[in-house]
2 protein chains.
Amino acid sequence: MLQITVTTDAETGLCPVRSVLTPVLGKWSTLVLLALEDGPQRFSWIKRTIGDVTSRVLTEKLRTLERDGHLARHVDAGSPVKVSYELTSSGRALVALYRPLAIWAEESFEAVKRARVKYDAR
Amino acid sequence: MLQITVTTDAETGLCPVRSVLTPVLGKWSTLVLLALEDGPQRFSWIKRTIGDVTSRVLTEKLRTLERDGHLARHVDAGSPVKVSYELTSSGRALVALYRPLAIWAEESFEAVKRARVKYDAR
DNA sequence: CAGCATCCGGTCCGATACTG
DNA sequence: CAGTATCGGACCGGATGCTG
(Lines give C-alpha, C1' and ligand atoms only; values in the text may rest on other atoms or scores of the structure.)
Protein backbone atom coordinates (compact mmCIF):
# COMPACT_ATOMS: atom_id res chain seq x y z
CA MET A 1 0.00 0.00 0.00
CA LEU A 2 0.97 3.53 -0.67
CA GLN A 3 1.99 5.38 2.41
CA ILE A 4 1.46 9.04 2.77
CA THR A 5 3.19 9.05 6.06
CA VAL A 6 2.30 11.67 8.60
CA THR A 7 5.53 12.72 10.15
CA THR A 8 6.55 15.65 12.24
CA ASP A 9 10.12 15.22 11.07
CA ALA A 10 10.42 14.55 7.37
CA GLU A 11 14.15 14.06 7.76
CA THR A 12 13.77 10.80 9.60
CA GLY A 13 13.07 9.41 6.16
CA LEU A 14 9.84 7.73 7.08
CA CYS A 15 8.07 8.57 3.87
CA PRO A 16 9.22 7.16 0.52
CA VAL A 17 7.69 9.96 -1.48
CA ARG A 18 9.41 12.58 0.63
CA SER A 19 12.71 10.74 0.80
CA VAL A 20 13.11 8.96 -2.53
CA LEU A 21 10.93 10.80 -4.98
CA THR A 22 11.49 14.43 -4.07
CA PRO A 23 15.20 14.47 -4.99
CA VAL A 24 14.50 13.09 -8.46
CA LEU A 25 11.54 15.33 -9.16
CA GLY A 26 11.98 18.87 -10.32
CA LYS A 27 12.75 20.25 -13.73
CA TRP A 28 16.46 19.56 -13.96
CA SER A 29 16.57 16.05 -12.56
CA THR A 30 13.76 15.04 -14.87
CA LEU A 31 15.50 16.51 -17.88
CA VAL A 32 18.82 14.88 -16.98
CA LEU A 33 17.24 11.47 -16.59
CA LEU A 34 15.43 11.77 -19.90
CA ALA A 35 18.60 12.94 -21.62
CA LEU A 36 20.39 9.77 -20.55
CA GLU A 37 17.58 7.49 -21.63
CA ASP A 38 19.26 6.31 -24.84
CA GLY A 39 22.63 5.47 -23.32
CA PRO A 40 25.70 6.95 -21.63
CA GLN A 41 26.54 10.53 -22.46
CA ARG A 42 29.23 13.00 -21.62
CA PHE A 43 28.87 16.08 -19.48
CA SER A 44 29.06 18.56 -22.33
CA TRP A 45 26.57 16.61 -24.42
CA ILE A 46 24.03 16.63 -21.62
CA LYS A 47 24.60 20.32 -21.06
CA ARG A 48 24.20 21.09 -24.74
CA THR A 49 21.09 18.93 -25.02
CA ILE A 50 19.27 20.51 -22.14
CA GLY A 51 20.43 23.91 -23.26
CA ASP A 52 19.49 26.28 -20.52
CA VAL A 53 21.35 24.80 -17.60
CA THR A 54 24.60 26.05 -16.13
CA SER A 55 27.57 23.84 -15.28
CA ARG A 56 27.11 24.47 -11.63
CA VAL A 57 23.50 23.36 -11.55
CA LEU A 58 24.06 20.42 -13.89
CA THR A 59 26.93 19.16 -11.75
CA GLU A 60 24.80 19.48 -8.67
CA LYS A 61 21.96 17.45 -10.16
CA LEU A 62 24.29 14.79 -11.51
CA ARG A 63 25.85 14.42 -8.06
CA THR A 64 22.50 14.01 -6.36
CA LEU A 65 21.41 11.41 -8.88
CA GLU A 66 24.73 9.61 -8.50
CA ARG A 67 24.50 9.68 -4.73
CA ASP A 68 21.07 8.10 -4.78
CA GLY A 69 22.37 5.36 -7.05
CA HIS A 70 20.41 6.31 -10.16
CA LEU A 71 23.41 6.91 -12.35
CA ALA A 72 27.08 6.03 -12.55
CA ARG A 73 29.96 8.34 -13.34
CA HIS A 74 32.88 7.14 -15.49
CA VAL A 75 36.13 9.03 -15.85
CA ASP A 76 38.36 8.50 -18.88
CA ALA A 77 41.72 9.96 -17.95
CA GLY A 78 43.57 11.91 -20.58
CA SER A 79 43.75 15.43 -21.75
CA PRO A 80 41.14 16.59 -22.11
CA VAL A 81 39.47 14.41 -19.53
CA LYS A 82 36.28 12.69 -20.62
CA VAL A 83 33.55 12.03 -18.11
CA SER A 84 30.41 10.14 -18.95
CA TYR A 85 27.24 9.38 -17.10
CA GLU A 86 25.13 6.29 -17.42
CA LEU A 87 21.84 5.23 -15.91
CA THR A 88 22.00 2.36 -13.45
CA SER A 89 19.22 -0.21 -13.33
CA SER A 90 17.56 1.99 -10.74
CA GLY A 91 17.84 4.98 -13.03
CA ARG A 92 16.48 3.05 -15.98
CA ALA A 93 13.49 1.94 -13.92
CA LEU A 94 12.90 5.53 -12.99
CA VAL A 95 13.09 6.83 -16.56
CA ALA A 96 10.70 4.13 -17.67
CA LEU A 97 8.22 5.60 -15.22
CA TYR A 98 8.99 9.14 -16.35
CA ARG A 99 8.41 8.52 -20.02
CA PRO A 100 4.63 8.29 -19.70
CA LEU A 101 4.73 11.54 -17.74
CA ALA A 102 6.73 13.26 -20.44
CA ILE A 103 4.30 12.03 -23.07
CA TRP A 104 1.36 13.17 -20.97
CA ALA A 105 3.02 16.56 -20.54
CA GLU A 106 3.29 16.90 -24.27
CA GLU A 107 -0.32 15.93 -24.83
CA SER A 108 -1.58 18.24 -22.09
CA PHE A 109 0.52 21.18 -23.17
CA GLU A 110 -2.22 23.11 -24.96
CA ALA A 111 -4.96 22.28 -22.48
CA VAL A 112 -2.87 23.47 -19.57
CA LYS A 113 -2.00 26.71 -21.28
CA ARG A 114 -5.69 27.31 -21.97
CA ALA A 115 -6.61 26.49 -18.36
CA ARG A 116 -4.10 29.05 -17.13
CA VAL A 117 -5.39 31.80 -19.36
CA LYS A 118 -8.93 31.07 -18.24
CA TYR A 119 -8.00 31.04 -14.57
CA ASP A 120 -6.03 34.25 -14.82
CA ALA A 121 -8.91 36.01 -16.55
CA ARG A 122 -10.99 36.01 -13.39
CA MET B 1 8.44 12.08 -29.94
CA LEU B 2 9.73 13.38 -26.68
CA GLN B 3 11.06 16.87 -26.93
CA ILE B 4 13.81 18.07 -24.74
CA THR B 5 13.60 21.48 -26.20
CA VAL B 6 16.66 23.65 -26.25
CA THR B 7 15.48 27.11 -25.44
CA THR B 8 17.17 30.25 -24.32
CA ASP B 9 13.94 31.44 -22.81
CA ALA B 10 12.16 28.74 -20.87
CA GLU B 11 9.26 31.10 -20.26
CA THR B 12 8.13 31.03 -23.85
CA GLY B 13 6.65 27.70 -22.89
CA LEU B 14 8.26 25.77 -25.68
CA CYS B 15 9.02 22.71 -23.62
CA PRO B 16 6.25 20.55 -22.17
CA VAL B 17 8.44 19.16 -19.43
CA ARG B 18 9.45 22.62 -18.31
CA SER B 19 6.00 24.12 -18.65
CA VAL B 20 3.56 21.37 -17.73
CA LEU B 21 5.46 18.91 -15.62
CA THR B 22 7.56 21.17 -13.41
CA PRO B 23 4.62 22.77 -11.60
CA VAL B 24 3.17 19.39 -10.67
CA LEU B 25 6.45 17.87 -9.60
CA GLY B 26 7.91 18.54 -6.21
CA LYS B 27 7.10 17.08 -2.85
CA TRP B 28 3.90 18.93 -2.01
CA SER B 29 2.14 18.75 -5.35
CA THR B 30 2.82 15.04 -5.53
CA LEU B 31 1.49 14.48 -2.04
CA VAL B 32 -1.62 16.57 -2.71
CA LEU B 33 -2.43 14.70 -5.89
CA LEU B 34 -1.98 11.33 -4.21
CA ALA B 35 -4.12 12.43 -1.28
CA LEU B 36 -7.00 13.16 -3.64
CA GLU B 37 -6.69 9.89 -5.50
CA ASP B 38 -9.63 8.20 -3.81
CA GLY B 39 -12.10 11.02 -4.27
CA PRO B 40 -12.92 14.59 -3.25
CA GLN B 41 -11.63 15.73 0.09
CA ARG B 42 -11.84 18.81 2.19
CA PHE B 43 -9.03 21.21 2.95
CA SER B 44 -8.58 20.17 6.55
CA TRP B 45 -8.59 16.47 5.65
CA ILE B 46 -5.83 16.97 3.11
CA LYS B 47 -3.85 19.01 5.58
CA ARG B 48 -4.25 16.39 8.29
CA THR B 49 -3.36 13.57 5.92
CA ILE B 50 -0.16 15.10 4.67
CA GLY B 51 0.68 16.20 8.17
CA ASP B 52 3.67 18.44 7.82
CA VAL B 53 2.32 21.15 5.60
CA THR B 54 1.14 24.58 6.63
CA SER B 55 -2.10 26.19 5.48
CA ARG B 56 -0.19 28.75 3.55
CA VAL B 57 1.80 26.25 1.53
CA LEU B 58 -1.10 23.88 1.02
CA THR B 59 -3.30 26.70 -0.26
CA GLU B 60 -0.55 27.75 -2.62
CA LYS B 61 -0.18 24.26 -4.07
CA LEU B 62 -3.93 23.74 -4.38
CA ARG B 63 -4.19 27.03 -6.27
CA THR B 64 -1.44 26.07 -8.71
CA LEU B 65 -3.01 22.70 -9.36
CA GLU B 66 -6.41 24.34 -9.81
CA ARG B 67 -5.00 26.93 -12.17
CA ASP B 68 -3.48 24.28 -14.39
CA GLY B 69 -6.81 22.48 -14.50
CA HIS B 70 -5.79 19.40 -12.53
CA LEU B 71 -8.32 19.85 -9.76
CA ALA B 72 -11.60 21.61 -9.10
CA ARG B 73 -12.58 23.56 -6.03
CA HIS B 74 -16.11 23.34 -4.63
CA VAL B 75 -17.46 25.68 -1.99
CA ASP B 76 -20.40 24.65 0.19
CA ALA B 77 -21.69 27.84 1.76
CA GLY B 78 -22.73 27.70 5.39
CA SER B 79 -21.17 28.19 8.71
CA PRO B 80 -18.65 26.75 8.91
CA VAL B 81 -17.90 26.88 5.22
CA LYS B 82 -16.92 23.61 3.61
CA VAL B 83 -14.50 23.55 0.71
CA SER B 84 -13.60 20.40 -1.12
CA TYR B 85 -11.14 19.59 -3.84
CA GLU B 86 -11.55 17.01 -6.52
CA LEU B 87 -9.32 15.77 -9.28
CA THR B 88 -10.39 16.63 -12.81
CA SER B 89 -9.89 14.14 -15.62
CA SER B 90 -6.54 15.75 -16.19
CA GLY B 91 -5.65 15.32 -12.54
CA ARG B 92 -6.77 11.72 -12.53
CA ALA B 93 -4.63 10.98 -15.57
CA LEU B 94 -1.72 12.55 -13.77
CA VAL B 95 -2.21 10.58 -10.57
CA ALA B 96 -2.48 7.39 -12.56
CA LEU B 97 1.00 8.13 -13.84
CA TYR B 98 2.22 9.03 -10.36
CA ARG B 99 1.06 5.84 -8.72
CA PRO B 100 3.80 3.67 -10.28
CA LEU B 101 6.31 6.27 -9.17
CA ALA B 102 5.03 6.15 -5.61
CA ILE B 103 5.19 2.38 -5.63
CA TRP B 104 8.69 2.46 -7.08
CA ALA B 105 9.68 4.96 -4.40
CA GLU B 106 8.51 2.60 -1.74
CA GLU B 107 10.35 -0.35 -3.24
CA SER B 108 13.54 1.65 -3.70
CA PHE B 109 13.46 3.18 -0.26
CA GLU B 110 16.04 0.91 1.36
CA ALA B 111 18.33 0.71 -1.65
CA VAL B 112 18.47 4.48 -1.95
CA LYS B 113 19.24 4.93 1.72
CA ARG B 114 22.06 2.41 1.40
CA ALA B 115 23.42 4.13 -1.71
CA ARG B 116 23.53 7.43 0.15
CA VAL B 117 25.40 6.01 3.11
CA LYS B 118 27.91 4.40 0.76
CA TYR B 119 28.39 7.59 -1.25
CA ASP B 120 28.80 9.73 1.83
CA ALA B 121 31.42 7.36 3.27
CA ARG B 122 33.98 8.37 0.66
C1' DC C 1 36.64 19.16 -20.99
C1' DA C 2 34.50 19.03 -16.75
C1' DG C 3 34.23 20.95 -13.44
C1' DC C 4 34.83 24.30 -8.75
C1' DA C 5 34.64 28.97 -6.33
C1' DT C 6 32.20 32.96 -5.40
C1' DC C 7 28.61 36.08 -5.36
C1' DC C 8 23.98 37.05 -5.02
C1' DG C 9 19.05 37.69 -6.15
C1' DG C 10 14.73 35.19 -6.21
C1' DT C 11 11.75 31.81 -4.62
C1' DC C 12 10.22 28.46 -1.48
C1' DC C 13 8.56 27.51 2.69
C1' DG C 14 7.95 27.36 7.90
C1' DA C 15 6.14 29.90 12.01
C1' DT C 16 2.91 32.81 13.83
C1' DA C 17 -1.08 35.66 14.07
C1' DC C 18 -5.51 36.87 12.50
C1' DT C 19 -10.50 36.55 10.08
C1' DG C 20 -15.39 35.85 7.74
C1' DC D 1 -13.43 25.77 8.66
C1' DA D 2 -10.60 27.52 5.26
C1' DG D 3 -8.13 30.35 4.52
C1' DT D 4 -5.11 35.36 4.37
C1' DA D 5 -1.19 38.44 6.05
C1' DT D 6 3.33 39.09 7.29
C1' DC D 7 7.99 38.02 8.26
C1' DG D 8 12.30 35.84 8.03
C1' DG D 9 15.44 32.16 6.96
C1' DA D 10 16.84 28.37 3.94
C1' DC D 11 17.61 26.90 -0.37
C1' DC D 12 17.60 27.09 -5.44
C1' DG D 13 19.73 28.49 -9.20
C1' DG D 14 21.85 32.08 -12.56
C1' DA D 15 26.21 34.78 -13.87
C1' DT D 16 30.94 35.02 -14.02
C1' DG D 17 35.65 33.68 -13.61
C1' DC D 18 39.12 30.24 -12.94
C1' DT D 19 41.70 25.48 -13.33
C1' DG D 20 44.05 20.59 -13.96
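No experiment lies behind these values; they were computed from the predicted model shown. Within every chain, numbering begins at 1; the chains are lettered A, B, ... in the order of the sequence lines, protein sequences first and strands thereafter. Because only heavy atoms are used, hydrogens play no part in the values below, and waters and symmetry mates are left out as well, while side chains stay in.
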Which letters describe nucleotides 2-20 of chain D, given B = protein heavy atom under 4.0 Å from base, S = only from sugar-phosphate, - = neither? SBS-B------BBB-----

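- A search for side-chain contact (heavy atoms from CB on, under 4.5 Å) contacts involving Thr64(B) returns Pro23(B), not counting sequence neighbours.
- The side-chain contact (heavy atoms from CB on, under 4.5 Å) test with His70(B) singles out one residue from Val95(B), Leu94(B), Leu87(B), Val32(B), and that residue is Leu94(B).
- For Gln41(A), the side-chain contact (heavy atoms from CB on, under 4.5 Å) partners at least two apart in sequence or on another chain are Leu36(A), Trp45(A), Ile46(A).
- Partners of Val81(A) according to the side-chain contact (heavy atoms from CB on, under 4.5 Å) rule, which considers only residues two or more places apart in sequence or in another chain, are Val75(A), Val83(A).
- One N or O on the side chain of Lys47(B) and one on the backbone of Val53(B) form a donor-acceptor pair closer than 3.5 Å.
- Partners of Glu60(A) under the side-chain hydrogen bond (donor to acceptor under 3.5 Å, both in side chains) rule, at least two apart in sequence or in another chain, are Arg56(A).
- For the side chain to side chain donor-acceptor pair (under 3.5 Å) with Tyr85(B), the lone residue among Glu66(B), His74(B), Arg73(B) that qualifies is Arg73(B).
- The outermost nucleotides of DNA chain C lying under 4.0 Å from heavy atoms of chain B, listed 5' to 3', are dC13(C) to dA15(C).
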